[in-house]
Amino acid sequence: MPLLEVTDLSKTFVNRRGLFKRETIEAVAPLSFSLEAGQTLAICGETGSGKTTVAKLLVGAEVPTTGVVKLGDEPLALHSAESCRSIRMIFQDPSTSLNPRVTVGRQLEEPLKLNTTLTAAQRQAKIEATLVRVGLLAEHADYYPHMISGGQKQRVALARALILGPKVLVCDEALAALDVSLRGQILNFLLDEQRKQQLGYVFVSHNMGIVQHISDYVLIMHHGQVVERGPTKEVFSNPQHEVTKRMLMAQNLWGN
Ligand SMILES: Nc1ncnc2c1ncn2[C@@H]1O[C@H](COP(=O)(O)OP(=O)(O)OP(=O)(O)O)[C@@H](O)[C@H]1O
């Protein structure tokens with residue numbers, strides 16, 4: 001049985017234009033896919049293709065127009081404790097996703113307070129262990145975000161995503177803001193965690209180099225539709241759709 005099974009997930013936004021006019025945007029046309037434990041599915045596409053909307057639908061940050069997300073054989077209810085614990089998201093820019101006025105420790109404690117029955121001492125121990133797990137120090141719990149570097153902030157974001165022991169991580173351009181060497185370190189960490197914990201990753205990115213390195217399967221989106229899908233190796237070595245070819249060529253990964 002797949003770890004995550006998505007059936008006919010779609011999102012249509014309705015924007016008001018003036019008093020009487022409405023404009024509908026089909027950001028994601030009905031989309032189905034499944035993800036096995038320990039595997040990575042990449043969702044790629046150019047700007048505005050619907051990638052981020054898919055990521056937000058998976059973690060319940062947007063309400064779907066249609067569709068079901070199942071974790072194992074259970075449909076996930078929006079904002080249920082189970083979905084908050086099991087599917088966690090890492091955003092592109094940790095400097096905007098971390099609260100500048102709250103210490104790292106308190107930001108990590110928040111999901112524990114909301115989703116577990118751990119005592120204060122148990123929460124503290126969990127926070128320190130998780131900071132060490134992502135390559136930081138226990139003392140970083142007392143720091144404010146402005147006191148640490150961009151790479152360390154991304155590790156805090158990882159710690160916050162991992163602290164509840166999720167089964168699926170959704171990474172939306174999570175490495176885009178990092179320089180190449182930090183990106184390599186975080187990528188290796190993600191791959192290591194995946195191997196140890198059998199995590200499933202949904203990796204949203206327009207960086208085809210990273211996608212090639214990290215993913216087993218790939219979906220290419222264009223204007224809300226999936227235009228190409230398959231095992232990453234096959235799609236990258238023999239792209240069929242114009243958009244896939246264009247993205248690979250633009251990043252010197254095909255046809256040169
Ligand atoms: N809250 C919203 N209200 C109205 N339209 C929206 C909303 N969020 C996204 N859209 C529209 O849905 C479409 C898909 O947007 P989305 O952000 O998912 O694309 P994307 O592929 O992630 O793009 P990018 O790489 O630029 O982040 C776009 O046309 C966008 O303008």
Side-chain angles (χ1 to χ4, degrees), residues 4 6-33 35 40-69 76 78-79 83 87-98 150 154 157 161 168-178 183 186-187 201-215 217-230 232 235-236 239 241-253:
L4 186 73
V6 169
T7 312
D8 288 334
L9 193 65
S10 76
K11 180 72 186 178
T12 302
F13 290 107
V14 181
N15 293 333
R16 278 182 180 277
R17 294 203 129 207
L19 207 50
F20 301 111
K21 278 198 181 153
R22 281 160 175 249
E23 175 194 60
T24 57
I25 300 170
E26 192 177 44
V28 181
L31 166 70
S32 301
F33 65 82
L35 175 70
T40 300
L41 170 83
I43 301 179
C44 305
E46 294 164 329
T47 295
S49 56
K51 312 179 293 290
T52 295
T53 305
V54 175
K56 287 184 177 168
L57 289 169
L58 292 177
V59 296
E62 287 286 0
V63 181
T65 306
T66 64
V68 182
V69 178
L76 274 185
L78 207 62
H79 306 308
S83 70
I87 306 191
R88 306 291 292 176
M89 182 143 169
I90 308 175
F91 294 93
Q92 170 171 6
D93 189 356
S95 35
T96 52
S97 63
L98 295 178
Q154 193 53 287
V168 176
L169 276 192
V170 179
C171 308
D172 186 6
E173 299 283 6
L175 310 171
L178 301 177
R183 191 184 286 169
I186 302 267
L187 261 182
Y201 290 158
V202 177
F203 206 85
V204 172
S205 183
H206 67 266
N207 185 325
M208 302 298 262
I210 297 182
V211 165
Q212 184 176 32
H213 184 61
I214 197 171
S215 69
Y217 292 90
V218 63
L219 300 181
I220 311 288
M221 292 186 70
H222 186 56
H223 295 321
Q225 311 267 352
V226 173
V227 293
E228 186 158 5
R229 65 197 300 165
T232 306
V235 171
F236 275 56
H241 197 275
E242 271 320 299
V243 172
T244 320
K245 291 180 187 172
R246 193 160 66 220
M247 290 183 74
L248 288 172
M249 266 199 277
Q251 298 176 42
N252 282 328
L253 292 166

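Counting starts at 1 for both ligands and their atoms, following the listed order. Keep in mind the model is a prediction, meaning the values are calculated, not measured. Only heavy atoms go into these numbers, but all of them, side chains included; no hydrogens, no water, no symmetry mates.
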Test side chain to side chain donor-acceptor pair (under 3.5 Å) on Ser215 and Thr232; report intermediate values, then the result.
CA-CA 6 Å; Ser215 69; Thr232 306; 2.8 Å; yes

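With hydrogens left out, the protein atom closest to atom 12 (O) of ligand 1 is Ala27 CB, 3.3 Å, a heavy atom. Among protein heavy atoms, the minimum distance from atom 19 (O) of ligand 1 is reached at Gly50 N, 3.2 Å. If you check which protein heavy atom lies closest to atom 28 (C) of ligand 1, you get Gly48 O, 4.0 Å. Counting protein heavy atoms only, atom 25 (O) of ligand 1 is closest to Lys51 NZ, 2.8 Å. Atom 15 (O) of ligand 1 has as its closest protein heavy atom Thr53 OG1, 3.8 Å. Considering only non-hydrogen protein atoms, atom 9 (C) of ligand 1 sits nearest to Phe13 CE1, 3.5 Å.
Distances from atom 30 (C) of ligand 1 to the protein include no heavy-atom value under 4.0 Å. Taking a distance limit of 4.0 Å, we find that atom 1 (N) of ligand 1 is approached by some protein heavy atom.
Using a 4.5 Å heavy-atom cutoff, the side chains of Leu219 and Leu31 are in contact. Put simply, the side chain of Val218 does not reach to within 4.5 Å of the side chain of Leu41, judged on heavy atoms. Taking the side chain as every heavy atom from C-beta outward, Asp8 and Val68 never approach each other to under 4.5 Å.
Looking at Asn15 against ligand 1, only its side chain comes within 4.0 Å, counting heavy atoms. Residue Glu46 touches ligand 1 through its backbone alone, judged by heavy-atom distances below 4.0 Å.
Any N or O atom pair closer than 3.5 Å counts here, and Glu173 shares no such pair with ligand 1.
Using modelled atom types, one finds no donor on one side chain facing an acceptor on the other under 3.5 Å when comparing Thr7 with Ser32. Side chains of Thr244 and Glu228: a donor on one and an acceptor on the other come within 3.5 Å.
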Using atom types as modelled, flag every donor-acceptor pair under 3.5 Å from a side chain in residues 45-56 to any protein atom, sequence neighbours excluded.
unit_1	atom_1	unit_2	atom_2	d
Glu46	OE1	Arg246	NH2	2.9
Glu46	OE2	Arg246	NE	2.9
Glu46	OE2	Arg246	NH2	3.2
Ser49	OG	Glu46	O	2.7
Lys51	NZ	Gly45	O	3.0
Lys51	NZ	Glu46	O	3.3
Thr52	OG1	Asp172	OD2	3.1

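Here the side chain of Glu23 pairs no donor or acceptor atom with the backbone of Arg16 at under 3.5 angstrom.
Residue nearest to atom 17 (O) of ligand 1, selected from Ile25, Thr47, Thr52: Thr52 (by heavy-atom distance).
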